[in-house]
There are 2 protein chains.
Amino acid sequence: MSEADRAPAFRPLYRQVREALIQRLIDGAWTPGMMLPSEFQIAAELGVSQGTVRKALDAMAAEHLLVRRQGRGTFVALPEEGRILFQFFRLAADDGTRLFPESQVIERQREAAGAAAEMLQIEASAEVWRIGRIRRLGGRPVIAEEIVLPLARFASLAEFPDLPNNVYALYSEHFAITIGRAVERLKATAADEATAAQLGCPVGHPILSIERVAFALDGTPVEWRVSRCLTDGFHYQADLR
Amino acid sequence: MSEADRAPAFRPLYRQVREALIQRLIDGAWTPGMMLPSEFQIAAELGVSQGTVRKALDAMAAEHLLVRRQGRGTFVALPEEGRILFQFFRLAADDGTRLFPESQVIERQREAAGAAAEMLQIEASAEVWRIGRIRRLGGRPVIAEEIVLPLARFASLAEFPDLPNNVYALYSEHFAITIGRAVERLKATAADEATAAQLGCPVGHPILSIERVAFALDGTPVEWRVSRCLTDGFHYQADLR
DNA sequence: AAGTGGTCTAGACCACAAG
DNA sequence: TTGTGGTCTAGACCACTTT
């Protein structure tokens, strides 16, 4: 953390601290659920003041990377935790209750990336997993989902025949990949024959199509997915501030 | 800012400062575009330290209520400013460029609130304005929008026969209402006859339906709207963090 | 040169959780 | 009682903009 570090394009100390700490998450030195050293310990270790460490930790907590609990300590966020769980899942029933449908994998294959290559920033010839799954609420299929993952980062995925509802917990636990950010594009489309068959609705039925690219902590894209959702009885919720 | 203020349910000083400053925005003592006094001046006036004022100002800037510019000062945010403008408008072309379609009012009437009463937290018998407008991109209609406003807060709306593209700038300038937050519910629906006629698409065509409730700074709902959007060539974008 | 926000530090004290 | 994060303060200095 030398003075020279900020010479070329001034980067505040607390920014550098934040990046150093994020690197520990990327490296796996700090794993989900782990309690971090106290602010004073981190400060002493990095040779900065406690206030500077606090500013870095606060920023990371705002990004949902850490969870701070007064009186207890600072912890690496778990993908299982409530607010994290729904951070990336914004469907809710029309009465306001949050939903988390059950998942059933119906298809999984290795293939060339093709069209997904651009989204995942890999070669079109690179291999990917393509996973199709149906998600149900009370037995009724409501989402038909297609997930594409680069084989290079998910080599041992074959060991997991049935995906859990929350795949980001799987990514974290078994592939040491933490999703830090995602971008979604929503469109209204008409159900094609395949989707209609999967969701049990008429061909041409209105479908909310959600296309998502999810990024790892280092900023590289690691997942591309399309969710085709029925939206009677529930909706996609967005809070604008 | 006495010590007793925090006695019942401890509220940090910087929170109280933030609320006091937001009250100045609500009261209109500070108006959009205005430069605020310096941190030290505000601190002296409120009898707190400069650091505490800073924390309140930073929070308000994060809420897009203020804009801070190093070396220049802190300013009340203008609804016209770029990032504010698109804070509440999330449609983008598929190539990533942001869109802001032109608006044409096609209908406006006074009526009883009816179904909108619950959303706007007013009596069902209270009067509202109901405004229908079409929004176009390059002449092509892409959004059919219905906006409901409580008459009580927008009494003189009749003076503005043609709404501007950015109605939130109008609310701010002529009704002293700043929108601080909004909640949107998205669904995929099929175009009914009225919508199909307005958008020039077949009946049954997939429509992205966006229902929004917008809230003023004091937390009360002031606008209810439904936007029915075509989504070929563009999409609704959401960033998840 | 003057005035603003931005960073960094150091220390005191408060609120909360756990042993 | 101890240890943690949370608040508040005071002061020095840096970066940016305008005069």
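Letters A, B, ... are given to chains in the order of the sequence lines, protein chains preceding strands, and every chain is numbered from 1.
- Look at B/Tyr14 and you'll find a side-chain N or O under 4.0 angstrom from OP1 or OP2 of D/dT7.
- When each of B/Gln70 and B/Gly51 is assigned the nucleotide of DNA chain D bearing its nearest heavy atom, the one mapping closer to the 5' terminus is B/Gly51.
- One interatomic measurement links the two molecules: CG of A/Leu36 to C1' of D/dG3, which rounds to 15 Å at whole-angstrom precision.
- Between B/Arg18 atom CZ and D/dT7 atom C1' there is a gap of 17 Å when expressed in whole angstrom units.
- Atoms CD1 (A/Ile42) and P (D/dT4) sit 11 Å apart, rounded to a whole Å.
- At least one test fails for A/Arg68 against the ring of A/Phe75: distance under 6.0 Å to the centre or angle within 45° of the axis.
- Counted by atom type alone, B/Arg136 and B/Ser103 present zero donor-acceptor pairs between their side chains at under 3.5 Å.
- Regarding B/Asp58, its CG atom lies at a distance of 15 Å from the C1' atom of D/dT7, rounded to whole Å.
- Donor-acceptor pairing under 3.5 Å, judged by distance alone, is absent between the side chain of A/Arg72 and the base of D/dG5.
- What separates CZ of B/Arg15 from C1' of D/dC8 is a distance of 17 Å, to the nearest Å.
- By the 30° and 60° cut-offs, the orientation of the rings of B/His174 relative to B/Phe160 is tilted.
- When heavy atoms are screened at a 4.0 angstrom cut-off, A/Glu39 is found touching the sugar-phosphate backbone but no base atom.
- The side chain of A/Lys55 places no N or O atom within less than 4.0 Å of a non-bridging phosphate oxygen (OP1 or OP2) of C/dC8.
- A salt bridge does not link A/Arg185 to A/Glu211: none of the charged nitrogens lies less than 4.0 Å from a carboxylate oxygen.
- Each of D/dG5, C/dT9, C/dT7 was ranked by its minimum atom distance to the side chain of A/Ser38; first place goes to D/dG5.
- To the nearest 0.5 Å, atoms CD (A/Gln87) and CD1 (A/Ile179) are separated by 10.5 Å.
- Under 4.0 angstrom from either OP1 or OP2 of D/dC8 there lies no side-chain N or O belonging to B/Ser49.
- Closest contact between the side chain of A/Thr52 and the listed nucleotides C/dC8, D/dG5, D/dC8 involves C/dC8.
- The side-chain tip of B/Arg135 points at the ring of B/Phe100 from less than 6.0 angstrom away and within 45° of straight on.
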Which atom pairs, donor and acceptor, lie under 3.5 Å between side-chain atoms of residues 46-54 of chain A and protein residues at least two apart or in another chain?
residue : atom : partner : partner atom : Å
A/Ser49 : OG   : A/Gly51 : N            : 3.4
A/Ser49 : OG   : A/Thr52 : N            : 3.4
A/Ser49 : OG   : A/Thr52 : OG1          : 3.3
A/Gln50 : NE2  : A/Glu39 : OE1          : 2.7
A/Arg54 : NH2  : A/Glu39 : OE1          : 3.2
A/Arg54 : NH2  : A/Glu39 : OE2          : 3.4

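- Put simply, the side chain of B/Arg54 and the base of C/dG6 share a donor and an acceptor less than 3.5 Å apart.
- In this pair, A/Phe175 and A/Tyr171 present their aromatic rings perpendicular. The plane angle is above 60°, beyond the 30 to 60° band.
- One can place CZ of B/Phe40 at 13 Å from P of C/dG6, the figure rounded to the nearest angstrom.
- In this structure, CD of B/Gln41 is placed 17 Å from P of C/dA2, rounded to the nearest angstrom.
- Contact annotation: B/Arg68 side-chain N/O to C/dG6 OP1/OP2 distance is under 4.0 Å.
- Rounded to whole angstrom, the span from the CD atom of B/Gln50 across to the C1' atom of C/dG5 amounts to 9 Å.
- Consecutive Watson-Crick or G-U pairs involving DNA chain C, each under 3.5 Å on both distances, make up stems of three or more pairs at C:1-18 with D:1-18.
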